[in-house]
Amino acid sequence: MSSIFSVARLELRRLLVRPLAWVLAALSLAQLAWRFVLLLGSFLDNQVKLAGMPGGPGYTDLVGVPLLGSTLTMGMLPFGLTELALLIVPLITMSTLAGDRANGTLPLLSATGTSPSAIVLGKYLAVLLWLMAWLALTVAMPLSLAHGTHLDWGKFGAAVLGLALTLAALGAIGIACSSFASLPAVAATASLMLGLALFTANLAAQKAGIGNGFWNWLSLSTHLEALLRGLVSSADVIWFLLVIALALALAVRRLSTDKERG
């Protein structure tokens with residue numbers, strides 16, 4: 001356990017020292033802040049109309065959840081956290097293992113006696129801490145007005161849980177891609193393509209009118225959209241946990257194979 005935290009501390013220090021993580025955080029949060037302002041402005045403009053609609057959408061439906069990313073969002077708005085995650089997570093995870101392999105430091109880390117599982121879990125923990133801090137800063141935007149609005153805490157909490165699980169799953173996929181790639185750019189590209197594939201796996205099934213088929217179950221968007229609607233299901237949570245476990249297991253297996261060959 002101590003080796004996991006040692007690897008995590010080292011990887012987190014590398015993330016904080018490199019300018020890439022700071023630039024990505026600053027630009028993405030600025031984008032999300034602009035989206036929040038636009039959503040809030042639209043909500044205030046239509047507040048009188050919404051007040052006359054019994055059971056109509058409120059602050060949570062029109063500002064809180066769409067900020068995180070929802071198919072309910074209409075109009076030409078900047079990307080939400082969901083869309084940005086597809087781009088940013090591969091960039092954050094691309095150097096975790098592929099960078100060490102390219103620099104020749106991965107064999108040195110293994111030579112210290114650190115097991116492949118400790119290396120993978122430690123680096124994943126560091127990435128997860130960065131992603132959860134990013135999510136927390138985003139969530140703080142709608143929460144800053146919670147005292148003056150009627151925030152649906154249950155629905156908003158389910159949406160935050162969905163985004164946390166999505167970030168955790170994409171982070172695990174990024175770690176797995178980085179473990180197989182020899183260059184960070186290759187890892188980022190593979191992670192981006194896999195993330196997009198998971199998000200769009202159910203498009204053909206939806207066009208065919210299939211709502212409960214295998215491709216619908218396989219798609220990440222199916223499980224995320226349920227959580228964004230406030231529906232917390234153990235089946236959806238288990239799906240995310242299975243993706244995380246499978247991706248990390250593949251990464252550990254890859255490092256174990258490299259260690260045996262070395």
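Predicted model only: the values in this text are computed from it and were never measured. Below, all heavy atoms of this structure are taken into account, side chains as well, without hydrogens, waters or symmetry copies.
Between L32 and L67 the shortest heavy-atom distance is O-CD1, 3.3 Å.
For the salt bridge (Lys or Arg N to Asp or Glu O under 4.0 Å) test, residues two or more places apart in sequence or in another chain that qualify with D100 are R14, K123.
R101 places no side-chain N or O within donor-acceptor distance of the main-chain N or O of L106, the cut-off being under 3.5 Å. E11 places no side-chain N or O within donor-acceptor distance of the main-chain N or O of A8, the cut-off being under 3.5 Å. With S42 contributing its side chain and L38 its backbone, the two residues share no donor-acceptor pair below 3.5 Å. With hydrogens and angles ignored, the 3.5 Å screen pairs a side-chain donor or acceptor of H223 with a backbone N or O of W217. When atom types are taken as modelled, the side chain of S219 and the backbone of L198 share a donor-acceptor pair closer than 3.5 angstrom.
Considering CG of L40 and CG of D45, their distance stands at 9.5 Å, rounded to 0.5 Å. Rounding to the nearest 0.5 Å gives a distance of 5.0 Å between OG1 of T114 and CG of L109. Here the straight-line distance linking atom CD1 of I4 with atom OH of Y124 works out to 13.0 Å at 0.5 Å rounding. If you take CG on L231 and CG on D236, they are separated by 8.5 Å, rounding to the nearest 0.5 Å. Note that CG of L20 is 5.5 Å distant from CD1 of I92, once rounded to the nearest 0.5 Å. In this structure, CG in L15 is found 10.5 Å from CH2 in W22, a value given to the nearest 0.5 Å.
Connection of I173 to L87 is established within a shared hydrophobic cluster, with ILVMFWY side chains joined at heavy-atom distances below 4.5 Å, either directly or through further cluster members. When the side chains of ILVMFWY residues are joined at heavy-atom separations under 4.5 Å, either directly or via intervening members, L242 and L194 end up in two distinct hydrophobic clusters. In terms of hydrophobic clustering, with Ile, Leu, Val, Met, Phe, Trp and Tyr side chains grouped at heavy-atom distances under 4.5 Å, V186 and L255 are assigned to different clusters. Connection of L121 to L241 is established within a shared hydrophobic cluster, with ILVMFWY side chains joined at heavy-atom distances below 4.5 Å, either directly or through further cluster members.
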Show which side-chain atoms of residues 125-143 pair as donor or acceptor with protein atoms under 3.5 Å away, not counting sequence neighbours.
unit_1	atom_1	unit_2	atom_2	d
W134	NE1	S28	OG	2.9
T138	OG1	W134	O	3.0

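Between L84 and R35, the closest side-chain pair of non-hydrogen atoms is not below 4.5 Å. Side chains of R253 and L250 form no contact here, defined as non-hydrogen atoms less than 4.5 Å apart. For the pair T60/W153, no side-chain contact is recorded, criterion being any heavy-atom separation below 4.5 Å from C-beta on.
Among pairs with a residue in residues 176-195, those fulfilling side-chain hydrogen bond (donor to acceptor under 3.5 Å, both in side chains) read T96-S178, at least two apart in sequence or across chains.
A side chain to side chain contact (heavy atoms under 4.5 Å, CB included) with L227 is found for exactly one of T166, L163, V232, namely V232.
Aromatic ring orientation, Y59 versus F43: perpendicular (interplanar angle above 60°, classes split at 30° and 60°).
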